[in-house]
Protein chains: 2
Amino acid sequence: MRPTKRDELVQQALQAFYRNGFQATGMDMLAAETGISKTSMYKHFRTKEDLILAVLRLRDEHFRNWLYRRMEELAETPRQQLIAMFDALEEWFAEPGYRGCMFIKASSEYQDTSHPIHKQSAEHKRMLEIHITDLARKAELRDADAIARQLLLLKEGAMVTAHLGHTANPAQDAKAAAIQLIEAHRQ
Amino acid sequence: MRPTKRDELVQQALQAFYRNGFQATGMDMLAAETGISKTSMYKHFRTKEDLILAVLRLRDEHFRNWLYRRMEELAETPRQQLIAMFDALEEWFAEPGYRGCMFIKASSEYQDTSHPIHKQSAEHKRMLEIHITDLARKAELRDADAIARQLLLLKEGAMVTAHLGHTANPAQDAKAAAIQLIEAHRQ
DNA sequence: CGCTAAGTTTACCGATCGGTACACTTAGCA
DNA sequence: TGCTAAGTGTACCGATCGGTAAACTTAGCG
């Protein structure tokens with residue numbers, strides 16, 4: 001139960017990877033930026049890949065916690081919370097350092113679907129799907145699995161489009177679509 | 001009007017970059033894989049970045065041509081063609097070598113929005129948006145700009161999700177959503 | 001006190017990175 | 001025939017890549 005250098009490393013590595021990309025961030029640059037010696041890094045993680053996997057685990061935990069909490073803060077009923085997901089996303093997109101979804105980025109850099117980093121990115125999306133499907137069920141929507149998948153397609157699209165930046169407010173575009181889809185699935 | 005080595009290089013580089021990623025594909029590996037000498041490559045393109053930009057231009061042209069043509073082949077009216085976009089995507093996703101959208105990948109590896117590669121990827125998306133918006137207008141849908149943006153969010157989401165592979169058929173999920181959105185925008 | 005675990009600095013490894021220099025071959029064309 | 005443009009092979013550049021060796025400092029704890 002030591003809250004020390006290892007966690008500090010993972011946290012700072014997360015910032016660096018998110019800002020610079022995975023392949024483009026070398027271990028030397030990482031050591032220079034975090035102030036943690038290369039030797040120490042390799043005492044905690046056998047390879048760069050291991051470090052990236054730890055970073056993705058941390059990101060998964062933080063992001064899902066943040067999103068779920070924010071959805072609950074912004075709305076009361078499950079149905080309203082599903083819609084509020086896109087207001088939460090809008091807040092995120094508006095942050096100065098926004099650079100898209102870290103897991104989409106990771107799966108873009110490690111494309112092979114059998115690669116551990118790719119698989120862990122897919123796992124993150126699967127966890128999200130479970131939660132949103134559960135919420136769709138609680139909202140008593142018809143065909144909860146299908147509507148959940150549709151809402152998540154809008155979410156992925158909005159995250160990508162917000163990073164490409166050729167559209168003014170993808171989060172609200174997605175929200176408008178989500179409202180219509182949810183309305184069509186009420187029973 | 002020479003159809004020679006330069007075009008051959010761009011075409012083969014496209015394959016390599018799509019399969020391996022941009023940063024992960026070195027110029028030596030590229031020379032070995034294409035059989036074109038490194039010296040020749042640097043006679044045609046001053047830098048790797050220039051080559052990547054040429055690859056993206058070719059990809060933009062090919063992809064948009066393919067998608068627009070396939071949409072016209074699959075359906076007659078503009079409204080049906082908008083829906084058929086997702087059938088075309090499904091065909092693409094089912095191809096053995098499918099590895100996601102090259103422009104999302106490019107913008108993931110070159111994240112800075114001011115980077116030429118990022119800007120060119122955004123430009124591709126903007127060209128698509130113009131065409132789909134035009135089609136939505138021809139389909140006489142209410143609020144053509146908004147519905148076009150919504151359909152494109154579904155498209156981006158489907159492409160990402162198809163690559164992550166945690167869902168059975170994102171193209172058909174997107175199509176089902178598209179049908180409902182379009183139905184809600186009929187006038 | 002002395003042991004141990006965690007972390008440090010410094011220097012290094014072979015491999016690869018993007019990019020270049022130079023001398024050579026080949027084909028088209030006047 | 002002889003010039004030129006396009007392409008080649010080979011060898012190299014300095015920088016950086018992921019990863020390691022070895023000797024040292026520091027702090028906690030019996």
Side-chain angles (χ1 to χ4, degrees), chain A residues 1-58 105-106 108-112 115-118 120, chain B residues 1-58 105-106 108-112 115-118 120:
Chain A
M1 194 53 72
R2 308 284 296 285
T4 25
K5 290 273 170 185
R6 188 200 152 103
D7 306 320
E8 190 182 328
L9 166 60
V10 176
Q11 195 144 334
Q12 291 203 250
L14 194 156
Q15 311 292 333
F17 284 138
Y18 185 66
R19 196 173 347 105
N20 294 17
F22 296 97
Q23 320 229 42
T25 305
M27 295 300 270
D28 290 280
M29 186 197 300
L30 210 50
E33 201 160 319
T34 63
I36 296 166
S37 74
K38 234 173 126 182
T39 315
S40 283
M41 301 175 58
Y42 277 98
K43 283 236 172 81
H44 290 302
F45 300 98
R46 275 182 42 262
T47 62
K48 184 184 185 181
E49 183 181 312
D50 282 356
L51 173 58
I52 292 178
L53 289 172
V55 163
L56 291 182
R57 270 189 294 273
L58 181 67
K105 246 187 268 299
S108 292
E109 294 202 39
Y110 303 90
Q111 309 193 59
D112 196 325
H115 194 292
I117 292 178
H118 193 104
Q120 188 154 319
Chain B
M1 195 51 75
R2 311 283 294 284
T4 26
K5 291 272 172 185
R6 188 200 152 104
D7 306 322
E8 190 182 328
L9 166 60
V10 176
Q11 196 145 335
Q12 291 204 248
L14 195 155
Q15 312 292 333
F17 284 138
Y18 186 66
R19 197 173 347 103
N20 293 15
F22 296 97
Q23 321 230 37
T25 305
M27 295 300 271
D28 290 282
M29 185 196 303
L30 210 51
E33 201 160 318
T34 63
I36 295 166
S37 73
K38 232 173 126 182
T39 314
S40 284
M41 301 176 58
Y42 277 98
K43 283 235 173 84
H44 289 303
F45 301 98
R46 276 183 41 260
T47 63
K48 183 183 184 181
E49 183 180 311
D50 282 354
L51 172 58
I52 293 178
L53 289 173
V55 163
L56 291 182
R57 268 189 294 273
L58 180 66
K105 246 188 268 298
S108 292
E109 294 202 40
Y110 303 89
Q111 310 192 57
D112 196 325
H115 194 293
I117 292 178
H118 192 105
Q120 187 154 319

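FYI, side chains are in, hydrogens and waters are out, and symmetry mates aren't considered; it's all heavy atoms of this structure. This structure is a prediction, so every number in the text was calculated from the model and none was measured. Here is how names work: the chains are called A, B, and so on, in the same order as the sequence lines, proteins then strands, and each is numbered from 1.
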Task: Separation of C:dG7 P from A:Asp7 CG (nearest whole Å) - done: 10 Å
TODO: Test A:Leu30 against every option in A:Thr25, A:Ile36, A:Asn20 by the side chain to side chain contact (heavy atoms under 4.5 Å, CB included) rule and name the one that passes.
DONE: A:Thr25
Open item on the list: Could you tell me how far apart B:Met29 (CE) and C:dG19 (C1') are, to the nearest whole angstrom?
Closed with: 17 Å
Open item on the list: In this structure, how many angstroms lie between the P atom of C:dT20 and the CG atom of B:Asp28, rounded?
Closed with: 14 Å
Task: Pair A:His118 + A:Tyr110: ring centers closer than 6.0 Å - done: no
- [ ] Measure distances between side-chain N and O atoms of B:Thr39 and base N and O atoms of C:dA21, and say whether any donor-acceptor pair falls under 3.5 Å.
- [x] yes
Task: Rounded distance in Å - CZ (B:Arg6) to P (D:dA5) - done: 18 Å
Open item on the list: Does B:Lys105 qualify as a cation-pi partner of B:Tyr18, given the criterion of NZ or CZ under 6.0 Å from the six-membered ring centre and within 45 degrees of its axis?
Closed with: yes
Open item on the list: Expressed as a whole number of angstroms, how long is the span from A:Leu30:CG to D:dC17:C1'?
Closed with: 13 Å
TODO: Apply side-chain contact (heavy atoms from CB on, under 4.5 Å) to the pair B:Arg6 and B:Met41, showing each step before the final yes or no.
DONE: CA-CA 8 Å; B:Arg6 188 200 152 104; B:Met41 301 176 58; over 6 Å; no
Task: Short side-chain N/O contact to C:dT20 OP1/OP2 from B:Tyr42, under 4.0 Å - done: no
Open item on the list: Go nucleotide by nucleotide along DNA chain D from the 5' end; which of A:Thr47 and B:Ser40 gets its closest nucleotide reached first?
Closed with: B:Ser40
- [ ] Calculate the interatomic distance between B:Gln23 atom CD and D:dG18 atom P; express it in whole Å.
- [x] 11 Å
- [ ] Check whether any side-chain nitrogen or oxygen of B:Ser37 sits under 4.0 Å from OP1 or OP2 of D:dG9, and answer yes or no.
- [x] no
- [ ] Give the rounded distance in Å between these two atoms: CD of B:Glu49 and C1' of C:dG19.
- [x] 14 Å
TODO: Would you tell me if any nitrogen or oxygen in the side chain of B:His44 comes within less than 4.0 Å of OP1 or OP2 on D:dG7?
DONE: yes
Open item on the list: Looking at every heavy atom in both B:Pro116 and B:Glu49, which two are closest together, and how far apart are they?
Closed with: CG-OE2, 3.3 Å
TODO: Tell me which nucleotide among D:dG19, C:dG18, D:dG7 gets nearest to the side chain of B:Lys48.
DONE: C:dG18
TODO: Spell out yes or no: do the side chain of B:Lys38 and the base of D:dG9 have one donor N/O and one acceptor N/O closer than 3.5 Å?
DONE: no
TODO: Take atom CE of B:Met41 and atom C1' of C:dG18, then tell me their distance rounded to the nearest Å.
DONE: 11 Å
